[in-house]
**Student:** 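What follows is a structure written as structure tokens; I'll ask about it next.
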Protein chains: 2
Amino acid sequence: METSSTPTRSRGRPAKMAAPEAVATALRLVDEEGLDALTMRRLATALGVQVGTLYRHFATKQDLLTAMAEEMLAGCADPPPDQDTWQEQVIELAGRLRAALLRRRDGARIYAGTHAAGPNTLAYAEALVGVLRGAGRSAESAARSTLAIVHFTLGHTLEEQAVGSAADGAAGGLYAALEPGRYPNLAAAAATLTSADYARHFAHGLDLLVRGLG
Amino acid sequence: METSSTPTRSRGRPAKMAAPEAVATALRLVDEEGLDALTMRRLATALGVQVGTLYRHFATKQDLLTAMAEEMLAGCADPPPDQDTWQEQVIELAGRLRAALLRRRDGARIYAGTHAAGPNTLAYAEALVGVLRGAGRSAESAARSTLAIVHFTLGHTLEEQAVGSAADGAAGGLYAALEPGRYPNLAAAAATLTSADYARHFAHGLDLLVRGLG
DNA sequence: ACCTGAACACCGTTCAAGT
DNA sequence: ACCTGAACACCGTTCAAGT
């Protein structure tokens with residue numbers, strides 16, 4: 001996975017294209033047109049290169065997406081959270097992950113569709129496990145809780161970005177189904193369920209997890 | 001969205017293809033070959049029909065996927081959970097959602113990529129909100145907690161199915177990064193983080209959420 | 001060593017024309 | 001009313017050949 005071996009001091013033709021530049025350009029294309037519009041051909045055109053050239057740097061499109069996912073987490077782990085309590089530090093780190101995914105269009109979809117295991121991802125997991133172990137939990141408990149926090153954050157952000165971009169009438173579908181007397185609980189909850197106040201939704205879920213840890 | 005209007009008592013040619021049958025066949029194809037192998041052309045071939053015919057029943061491939069997502073949740077809401085405590089009922093319902101997504105190959109990816117708002121999805125949300133309201137929570141709190149539970153379940157199951165199918169060396173990547181003295185917390189947590197005991201991971205996250213609600 | 005050019009085997013979607 | 005046949009405008013990936 002990841003990029004191919006770094007070609008330091010090549011003797012032949014000077015490289016026309018560099019992998020980090022390709023990743024940055026790919027992320028820019030996604031920001032502008034969305035993930036579905038990112039194709040190897042369009043990326044090649046944006047880089048002023050032939051399609052086949054991309055395959056010297058990324059064996060597959062999936063590898064390109066993995067490099068993009070890894071890049072999105074740059075700076076997520078440092079500076080280390082310096083809040084007074086471990087609870088606040090967990091909330092800080094989870095918030096950074098959400099922010100990193102939200103920063104780019106379709107960021108959560110990119111991250112969920114890959115298995116980044118580069119230095120940014122590892123440093124982030126290291127920090128989160130570290131905060132929990134520092135709070136006195138066993139390595140096993142810290143590991144499981146890290147997974148729970150990351151999975152909640154990913155699921156939440158996936159939904160947040162999907163609704164934000166598509167506007168495909170999911171809320172409309174909900175309201176449409178509520179005319180009769182069916183779904184009384186959904187009727188009572190509809191205002192909250194369809195509200196766009198994702199920051200509060202996120203804070204609520206995180207609060208549940210952190211209190212559960214308490 | 002969803003399927004087109006039901007053609008009851010059509011006067012012209014008898015229909016060669018029915019939407020529910022198409023959804024069932026599409027889910028079977030995904031089970032056999034994976035979501036990436038599901039194309040409109042292959043589905044048409046499996047149904048003994050031309051590609052264009054599919055577009056009388058589903059305006060886009062996305063609509064087909066939405067119908068598949070909705071179908072996957074059939075039976076998820078009933079029978080109503082009958083455990084003694086609301087905590088156990090929440091765990092039961094979350095477990096049913098996970099099981100429904102796991103039942104089909106790439107089920108979580110299908111569900112996460114769509115916005116199903118059909119009767120199965122609505123009945124499931126109705127049940128979960130109902131259990132929380134029955135536990136004495138406000139409609140708003142019940143709504144937010146439902147979102148947290150569903151998003152955690154989706155994020156968890158997405159990861160569970162992705163690792164299960166691809167085996168692309170995410171665990172290998174983790175272990176590979178641990179040789180030096182870097183990532184000491186990951187080194188301590190690695191055995192748990194890379195374990196395939198997803199049922200326990202899921203139970204742990206759910207326990208945090210439920211205790212947070214307590 | 002690195003890139004070009006061209007091909008292979010596909011896609012989702014549309015639509016005139018048939019029955 | 002419903003389906004066929006054929007096309008349009010693309011895809012990801014591979015690989016000989018050029019420089």
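Numbers restart at 1 for each chain; the letters A, B, ... are given by sequence-line order, proteins then strands.
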**Student:** In chain order, what residues pass the ring pair (Phe, Tyr, Trp, His ring centres under 6.0 Å) check against Phe202(B), with sequence neighbours excluded?
**Tutor:** Phe152(B), His156(B)

**Student:** According to side-chain hydrogen bond (donor to acceptor under 3.5 Å, both in side chains), who are the partners of Asp36(A), at least two apart in sequence or on a separate chain?
**Tutor:** Arg109(A)

**Student:** Using side chain to side chain contact (heavy atoms under 4.5 Å, CB included) as the criterion, list what pairs up with Glu71(B), not counting sequence neighbours.
**Tutor:** Val23(B), Leu27(B), Ala74(B)

**Student:** Polar atoms only, N or O, under 3.5 Å: list the protein pairs with nucleotides 12-15 of chain D and their distances.
**Tutor:**
| residue | atom | partner | partner atom | Å |
| --- | --- | --- | --- | --- |
| dG12(D) | OP1 | Met40(A) | N | 3.4 |
| dG12(D) | OP1 | Lys61(A) | NZ | 3.1 |
| dG12(D) | OP2 | Met40(A) | N | 3.0 |
| dG12(D) | N7 | Arg41(A) | NE | 3.3 |
| dG12(D) | N7 | Arg41(A) | NH2 | 2.9 |
| dG12(D) | O6 | Arg41(A) | NH2 | 2.3 |
| dT13(D) | OP2 | Tyr55(A) | OH | 2.8 |
| dT13(D) | OP2 | Lys61(A) | N | 2.8 |
| dT13(D) | O5' | Tyr55(A) | OH | 3.4 |

**Student:** Can you list every stem that DNA chain C is part of, counting only runs of 3 or more consecutive Watson-Crick or G-U wobble pairs with both distances under 3.5 Å?
**Tutor:** C:4-8 with D:12-16, C:12-16 with D:4-8

**Student:** Within this structure, what is the CE-to-P distance between Met17(B) and dC3(D), rounded to whole angstrom?
**Tutor:** 8 Å

**Student:** Is the phosphate of dA1(D), meaning OP1 or OP2, less than 4.0 Å from a side-chain N or O of Lys16(B)?
**Tutor:** no

**Student:** Among all residues two or more places apart in sequence or in another chain, which pass the ring pair (Phe, Tyr, Trp, His ring centres under 6.0 Å) test with Tyr124(A)?
**Tutor:** none

**Student:** For residues 116-123 of chain B, tabulate all N or O donor-acceptor pairs below 3.5 Å that involve a side-chain atom, not counting sequence neighbours.
**Tutor:**
| residue | atom | partner | partner atom | Å |
| --- | --- | --- | --- | --- |
| Asn120(B) | ND2 | Glu70(B) | O | 3.1 |
| Thr121(B) | OG1 | Glu70(B) | OE1 | 2.8 |
| Thr121(B) | OG1 | Tyr111(B) | OH | 2.9 |

**Student:** Compare side-chain N and O positions of Gln50(B) against OP1 and OP2 of dG5(D) and report whether any pair is under 4.0 Å apart.
**Tutor:** yes

**Student:** Between dC10(C) and dA9(D), how far apart are the P atoms? Round to whole Å, please.
**Tutor:** 22 Å

**Student:** Output all residues satisfying ring pair (Phe, Tyr, Trp, His ring centres under 6.0 Å) with His201(A), sequence neighbours left out; order by chain, then residue number.
**Tutor:** Tyr198(A)

**Student:** Do any side-chain nitrogens or oxygens of His57(B) fall under 4.0 Å of OP1 or OP2 in dC3(D)?
**Tutor:** yes

**Student:** Residues two or more places apart in sequence or in another chain: which of them pass side-chain hydrogen bond (donor to acceptor under 3.5 Å, both in side chains) with Glu126(A)?
**Tutor:** Asn185(B)

**Student:** What residues form a side-chain hydrogen bond (donor to acceptor under 3.5 Å, both in side chains) with Asp31(B), not counting sequence neighbours?
**Tutor:** Arg104(B)

**Student:** Could you write out each protein N or O paired with an N or O of nucleotides 16-19 of chain D at a distance under 3.5 Å?
**Tutor:**
none

**Student:** Can you check side chain to side chain donor-acceptor pair (under 3.5 Å) on Ser145(B) and His204(A), steps first, answer last?
**Tutor:** CA-CA 7 Å; Ser145(B) 301; His204(A) 180 84; 2.8 Å; yes

**Student:** For residues 37-51 of chain B, dump all side-chain donor-acceptor pairs below 3.5 Å to protein atoms at least two apart in sequence or in another chain.
**Tutor:**
| residue | atom | partner | partner atom | Å |
| --- | --- | --- | --- | --- |
| Thr39(B) | OG1 | Arg42(B) | N | 3.0 |
| Arg42(B) | NE | Ala37(B) | O | 3.1 |
| Thr45(B) | OG1 | Arg41(B) | O | 3.0 |

**Student:** So does Glu32(A) pair up with Arg105(A), basic N to acidic O under 4.0 Å?
**Tutor:** no

